[in-house]
Structure formats: C-alpha cells, structure tokens
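First comes the structure, then the notes that go with it.
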Protein chains: 2
Amino acid sequence: MASTVYDIARAASVSTTTVLRALWDKDDIKPETKERILKLAAEMNYRPNLVARSLTLGSSHFVGMLVTPSVTTTYASSIGLVVRTVRKAGYGTLCYTTDGRPDSERMCLEQLASARVAGAIVIPEADTKNVPIYQEMADSGMKLVVAHSCIDGLNVPQVVGDNYQVTYLSARYLLSLGHTNIVYLAIPQDCLLGRERARGFRDALQEAGIPVSPASIVTCGNSEEAGRKALTALLQRKKAPTAIIARHDSVALGVMRAAFAAGLSIPDDLSLIGNSDIPVADLLRVPLTSIRHPAEEVARTAITKLVSMLGGAKIELDITKLGVELIKRASCAPAKE
Amino acid sequence: MASTVYDIARAASVSTTTVLRALWDKDDIKPETKERILKLAAEMNYRPNLVARSLTLGSSHFVGMLVTPSVTTTYASSIGLVVRTVRKAGYGTLCYTTDGRPDSERMCLEQLASARVAGAIVIPEADTKNVPIYQEMADSGMKLVVAHSCIDGLNVPQVVGDNYQVTYLSARYLLSLGHTNIVYLAIPQDCLLGRERARGFRDALQEAGIPVSPASIVTCGNSEEAGRKALTALLQRKKAPTAIIARHDSVALGVMRAAFAAGLSIPDDLSLIGNSDIPVADLLRVPLTSIRHPAEEVARTAITKLVSMLGGAKIELDITKLGVELIKRASCAPAKE
DNA sequence: ATGAAAGCGCTAACAT
DNA sequence: ATGTTAGCGCTTTCAT
C-alpha cells in the first residue's frame, strides 16, 4: 500500500533519519543522497502519514469546526472560509454539525477532543444550553473561538456582529417611518445575545418615548416555519403590529409567507426588517430590508485569533463586536395615517 | 494534560491490557476490577486518543469531504447531511473546499490521502479538469464516491440527479408554451454532465421539430455574474430569445437582474427556468420555475454507498441517476403572438 | 483473570 | 554526513 519512510530508507540503503533529512530539505545531508532519496520517494508515491506524525508531535494538524444545523446555510460561506484559511496555516478542518439533539453538541465536542484537534471554531446557537461543556473543553486546554454568536460567561474569545445595533438600528428606522406598534420576533433572552438584541430594541423605543410593552417582544424560533406561525398569531391581536423586526431573514421569509397568505401587502400593511441580509434579499417578491453583518470579517477575525492561539499566543478572552449595517429595501414604508 | 490508558493502569495498579479490557467491556476481567477502572477513567477524564488508535488500526475513523466553492452554498445542507450520517456510522468528517485554483483540488486530495481517511465523498465542479487525480486516488485505494455531479470516465460510484431530464423537461415545457427561440445557458460540453444537459435540450427541440442552432446553446459560468453578463449579451442579438434555460438558479438570478435592469418583464418579455430549486425560489420578485433535484436522496445514496465500501463491500462503479422534477412558477408564460 | 511485549509511522535527541 | 534509539498512545498476540 502506501510507502513509509522506512520503505524508502531500505530502498535507498540509508537510515530513516537520512530519509527525513532529505524530505525536510535539511542541509546536513549530501546533495546527491538527498536527490536520490527524493527521486525514490516520488517514485514510490510516498505520502507522509499525518496520523503518525500527529501522534509523534502530540497534536493533530486539524482544527475542529462545529456548526449548529439551523445556521448551516447562513454560514456555509463561513465554513468555506474557515476551511481555506486554516489550510493556509497548515491545518485541516474537521467539521461537525450537531443534529440539534441536546447532547449532540457534547458528543461532537468530545469527538473533537478525542481527535486531539489543535483548536476549534464553533458557531453555536445563541441560546445553547451547553455552555458548561464548552467551558470544560476550553479549560481542559482546547483552543476555542466562538464565531457568529456569543455565549454568556464563556471564557473564550468570541467574534460576532454588534447585536445591540441589530435591533437598535432596525427599531430606529421603523420609528423614523412613524411606526409605533412594532413587534420584535426575538431570540430568547436567557442568553447574552438575546438580551443584547432586546436591549437595543427597548432603548430605541424608549429614546423615542414609546413605551415598551412585553407584548412587543415575542420570542420566536429561528426558522421560516417559526416566523410564519408567529405572524399568524400576531394577526389575531386586536391591534396587530404595523411593523415587524425578525430575528433572522429566514424568520422574515416566514413572516412574508404568512402575510401574503393573509392577503396583506408588504410594506403597505406591514413593514418588515430581517437580519443577516441573505444574498437574495434584494430579489425577493418584496425586497427585504435587513441588517448586514460583516460575515467574512467575523470569520476572518475568529480564524486569526485561533491561529495565533495555536501559535501559543495569549489572547484576550473578550467579545469582539464588529459593526453592522442597515440595508434599506422595499419591505418598509411609512406608517399609515 | 489528557490521561492515557497507561496513566489509568498505573493509578489502578494493573496493566494497560487490563485497562483496555475494562474500557472495551470485555468479559475476561473481574467485575470489581472493571468497575474500579471505569470509575478511575471517568475521574481522570480519560478520552481515547483517536490519533493513536488510528495509527494502530491503520486507518483513521474519518471520511473526507471535498466541495467545490461554487457549489458550497447549494450543497450546504448536503455537508450537514454527510457529517451527521457518517457520524452515525462512527466516522468524523474532514472537510475541504477548494479555492478554485487549478491544483487546489489536487492538494486537498493529497491531504485527504495523507490523513489516511477511510474514504471520501466529493462534490466536484462538473467540468473539473482533475479527473486523473481522482482516478489516481481511487486506484491507490481511497474509497471515493462522487455526489451531485458526475465525471466522465471516472471509475467510482457516482450519484446525481438526471441531468438529461433537467434540460429535456425545461425545454419541453417552454415549447409547450409556444416558445421557439429558446437559449440554454449551458454547462461546458467537455464533460459528461454538460453533454447530457445539451442532449436533453436538443432532443426536446428536435422532437418538436424545431431546428437547434448552435446559437441556442451558450456556454456560461456558474454564477449570478455570469448569468447577468450572458443575458446582457443575448439582448444584443437581432432576434433576442423569448425564453432562457439557466444551468443553475444562481445563473437564473443573474439573468433576472439583467432583465430587470434592461426594463424587461419576466415572464411577459422573457420566460425563465432555473435549476436546483433553491429554497427562496418561490419568494422571489418573480417566483422562479426550476428543476428540483432530490438533493437529500442523492447525499443519502452517496453516503450509503461509501459506508458499505468502507465495510469492504464491492460496489457497482456506475452512475446512479435519480429523478428530477419541474416546479412551475410564475417566471414562465406563453410566448407572445 | 491478568500481564508483557511488540508494533503502527514518524520524529528528535543523541551518538558517531 | 549519517546512523541508533526511544517514544508518542493504543491495540493485539501470546504468555502466565
């Protein structure tokens, strides 16, 4: 099968050390010997066994990547980015996605630990219930960086868009259009990210002198289906909202579907703002106003941090927030009357 | 750091062999001993070192996955599916995406070989120029399965939607609407998949008695940008087409953009059919008629094949074609006059 | 029921 | 400039 350094050594009638010296292009080896060995290695189709190398070196040349299924599509480009960037740094990427089951996240992390990955980038659900597991892994020496999300109290570097601004900018814009009955389809507030979003929403309303009723923050799942159901429920209210801020574009798509199904016009009857600015946002039946995150910069920053951690650098265990931007499109209009 | 079987052996004052017997739940060990060891292992936070295990066993418990960047988004769900399915079979997934550079594909494959993956699922560009590399890898013993694409002459199992039907169904439908000036924005025909598509297109036209001019098959890149440019060029023709079949939805989106930019209406001035039926197709400004592939079934089939190959089974080296379906939406209308 | 020893392929410290 | 040797952590065969 695959040839080994030992095979080459035998074929060249030298020791394995000499073979290594040739392969690693050292200079304490006679040029002719080197050449002869290199030629032999090529002929014998030698490919270093990274498994053995990892064992010897004590750490694999892989970094792990853990992505939650509900965001897989959103961050597909991040996956590619991570894969390619870490490859430049000499690492392969071990990908895991959880299937959403409670301890699936734990199993994936244990796998990564077992595989002795050098480090890992994780894109968890904002309201993951597995914070202790992450912390445990980090404490046991795994280099961890959280991207596109942030987890309260987790003592590792985290890189994320500014979630306070997500709702603050959205709400401000809707207020400037004259809306007062705005509902925010929210991330649960039992996690930092959820609280940041809620705070941005509340602050904007309060600054405008609009009282924030609990009914204006409706916790919602992170899917089209959840958005659909949420709007359907909202339309039952005696005073249905005139504007919606959806926690994510996919939720906004669900809202759109439900609105159309109910015979409502967007933006005439309902203004709508999403979040994350999916690529087709401007080609939708009603082009969707959304918050654009610097997704690439987030990924890049996270990877940079990870790579320098791998290099042994001490990194600030803080949360890096990158600016977001409101992209105005046709899904919002001035409030009527 | 991480504890080893040896650490446990010492702590329990037994041999490593006995520790292994406990960990693997063998029965030639005294129950109390087993229990004691297991307790110790848990306390010491033992996690088997998969790197070492792989070296001993001669093969890693990973399967590779190689995805071309231009299809990363389309097949993001497939990535998740692969990751989760192979995990159930006891394997981790080593993800690589090429950065499109010519020998990037080769490097990724070499990495996979070096990592001694048990096998790999690849989603290549239809017109990849690296067929020999794939073949070489397969010949050197790597279990390979191609998914969502098929490569001419590559002697490994391949699983893909029926690409002949993609264009055949599309063209038939447009013909039934009365269109005769149809342009197919084509995959290059220097690959099997490209030829299948072209054949489906030609057959449909010929069956309808419409002559197929070379001008009706326009080779096109696989991106929005390529679609935009292609339509812009087509609009210069003295007899611009009344209907377009795009090789992929992303190309169709580009066509849409260009059409709108030129002040054309879809479907009044131009009928449009995409391919792959992206999730938002029905929420677009003009809901897009498209061909739906059984993406999940393709992935599942590919994985099943790979897993049974890993188990040592001999698999037919054929191309498995799964049925596709035309999803009619508002982007097509009867030809005028 | 338990242990000793060798080996997977590579690397690095230590000779010569 | 080249070789010897030991070891990474696990598994497995062969004792006892």
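So that the names make sense, note that chain A is the first sequence line, chain B the second, and so on, each numbered from 1. Quick caveat, the model's predicted, so the values are computed rather than measured.
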**Q.** Heavy-atom pair of closest approach, residues B:Val51 and A:Ala115
**A.** CG2-O, 3.6 Å

Please tabulate, one pair per line, each protein N/O and nucleotide N/O from nucleotides 5-8 of chain C that are separated by under 3.5 Å, including the distance.
unit_1: C:dC8; atom_1: O2; unit_2: B:Thr56; atom_2: N; d: 3.4
unit_1: C:dC8; atom_1: O2; unit_2: B:Thr56; atom_2: OG1; d: 3.3

Q: Answer yes if the side chains of A:Thr301 and A:Thr304 hold a donor-acceptor pair under 3.5 Å, and no otherwise.
A: no

Q. How long is the line joining CG of B:Asp28 and C1' of D:dT13, in whole Å?
A. 13 Å

Q) Between A:Arg106 and A:Glu110, is there a salt bridge with N-O shorter than 4.0 Å? A) yes

Q: Please determine if a side-chain N or O atom of A:Ser15 lies less than 4.0 Å away from the OP1 or OP2 oxygen of D:dT2.
A: no

Q: Kindly say if A:Trp24 contacts the phosphate of C:dT11, meaning a side-chain N or O under 4.0 Å from OP1 or OP2.
A: yes

Q: Establish, with yes or no, whether the OP1 or OP2 oxygen of D:dC10 is under 4.0 angstrom from a side-chain nitrogen or oxygen of B:Tyr46.
A: yes

(Q) Applying a 4.0 Å non-hydrogen cut-off, can you work out what A:Leu20 is touching in the nucleic acid: base, sugar-phosphate, or nothing? (A) base

Q) Can you check the B:Leu23 CG to D:dC10 C1' distance for me, whole Å? A) 11 Å

Q. Could you state the NE2-C1' distance from B:His61 to D:dT11, rounded to the nearest angstrom?
A. 15 Å

(Q) For a quick test of reading the model, state the closest non-hydrogen atom pair linking A:Val160 to A:Val298 and the distance between them. (A) C-CG2, 4.3 Å

(Q) Using a 4.0 Å heavy-atom cut-off, does B:Val14 contact any base of the nucleic acid, only the sugar-phosphate backbone, or nothing at all? (A) sugar-phosphate

Q.
Rounded to whole Å, please give me the gap between OH in B:Tyr6 and P in C:dG3.
A. 12 Å

Q) Just how far, in rounded Å, is C1' of D:dG9 from CG of B:Leu50? A) 11 Å

**Q.** Sugar-phosphate only, base, or nothing, as touched by A:Asp7 at under 4.0 Å among non-hydrogen atoms
**A.** nothing

**Q.** A:Lys26 NZ - D:dG3 P separation (whole Å)
**A.** 17 Å

Q. Do we see a donor-acceptor contact under 3.5 Å between the side chains of B:Glu105 and B:Thr128?
A. yes

Q: Examine the base of D:dG9 for any acceptor or donor lying under 3.5 Å from a partner atom in the side chain of B:Arg47, and report the outcome as yes or no.
A: no

Q: May I ask you to evaluate whether A:Arg53 reaches the phosphate of C:dT11, defined as a side-chain N or O under 4.0 Å from OP1 or OP2?
A: yes

Q: In whole angstrom, give the distance that lies between atom CG of A:Asp27 and atom C1' of D:dT2.
A: 14 Å

Q) Hey, are A:Ser59 and A:Arg116 close enough side-chain-wise for a donor-acceptor pair under 3.5 Å? A) no

Q) For C:dT2, does either OP1 or OP2 sit under 4.0 Å from a side-chain N or O belonging to B:Thr33? A) yes

Q) Has the side chain of A:Arg21 got a donor or acceptor atom sitting under 3.5 Å from an opposite partner on the base of D:dG3? A) yes

Q | A:Glu35 and A:Lys30 ion-paired at < 4.0 Å | A | no

